Amino acid sequence: MGIRWLFAVLAVALALAQIVVGRNTFGPDPRSYLELARAILRHDWAMVINAYWSALYPWLLAAALGSSSHRCAGSFP
């Protein structure tokens with residue numbers, strides 16, 4: 001129980017530290033998906049149609065953004 005318990009506690013501690021440190025990080029992929037979802041909401045089809053990004057995920061985000069009253073303009077750094 002000794003060494004396994006120590007490594008389990010260490011793993012949980014490192015995972016919690018990573019969550020605390022990276023809670024405000026926002027990479028380029030989610031940012032692009034949000035931009036595509038906003039383009040769907042404003043009917044900017046020239047920006048939406050492309051072969052690089054996934055087709056379904058921006059539509060799901062657009063549905064979520066369109067149905068909520070909260071605007072995420074100030075939510076992400």
Side-chain angles (χ1 to χ4, degrees):
M1 180 176 146
I3 194 78
R4 282 188 174 204
W5 183 80
L6 176 68
F7 280 116
V9 170
L10 181 64
V12 169
L14 289 174
L16 289 174
Q18 186 175 7
I19 289 170
V20 169
V21 169
R23 71 182 180 273
N24 289 326
T25 59
F26 198 64
D29 286 349
R31 190 177 315 261
S32 297
Y33 281 122
L34 274 175
E35 287 300 319
L36 287 173
R38 289 182 187 133
I40 290 170
L41 291 175
R42 67 177 181 268
H43 303 285
D44 185 6
W45 306 122
M47 182 177 171
V48 173
I49 298 173
N50 63 44
Y52 188 76
W53 298 104
S54 170
L56 180 62
Y57 192 62
W59 285 95
L60 293 174
L61 278 176
L65 288 175
S67 66
S68 73
S69 63
H70 175 70
R71 297 294 168 221
C72 60
S75 298
F76 302 107

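Not measured: the values here are computed from a predicted model.
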Excluding Val20, membership of its hydrophobic cluster (Ile, Leu, Val, Met, Phe, Trp, Tyr; side-chain heavy atoms within less than 4.5 Å) reads none
How is the hydrophobic cluster of Leu60 composed, in terms of its other members, when Ile, Leu, Val, Met, Phe, Trp and Tyr link through side-chain heavy atoms under 4.5 Å apart, directly or indirectly?
Leu56
Restricting to salt bridge (charged side-chain N to carboxylate O under 4.0 Å, His left out), what partner residues turn up for Asp44, sequence neighbours left out?
Arg42
So, using side-chain contact (heavy atoms from CB on, under 4.5 Å) as the criterion, who are the partners of Ser54 when residues are at least two apart?
Tyr33, Tyr57
All side-chain contact (heavy atoms from CB on, under 4.5 Å) counterparts of Leu10, not counting sequence neighbours
Phe7, Leu14
Which atom pairs, donor and acceptor, lie under 3.5 Å between side-chain atoms of residues 45-52 and protein residues at least two apart or in another chain?
residue	atom	partner	partner atom	Å
Asn50	OD1	Tyr52	N	3.3
Asn50	OD1	Trp53	N	3.1

Within one Ile-Leu-Val-Met-Phe-Trp-Tyr cluster: Trp59 and Leu65, side-chain cutoff 4.5 Å:
no
Membership question, hydrophobic clusters at under 4.5 Å side-chain separation (ILVMFWY): are Ile40 and Leu61 in the same one?
no
Between Ala37 and Pro58, which heavy-atom pair has the shortest distance, and what is it?
CB-O, 3.6 Å
Salt bridge (charged side-chain N to carboxylate O under 4.0 Å, His left out) contacts touching residues 47-60 (sequence neighbours left out)
none
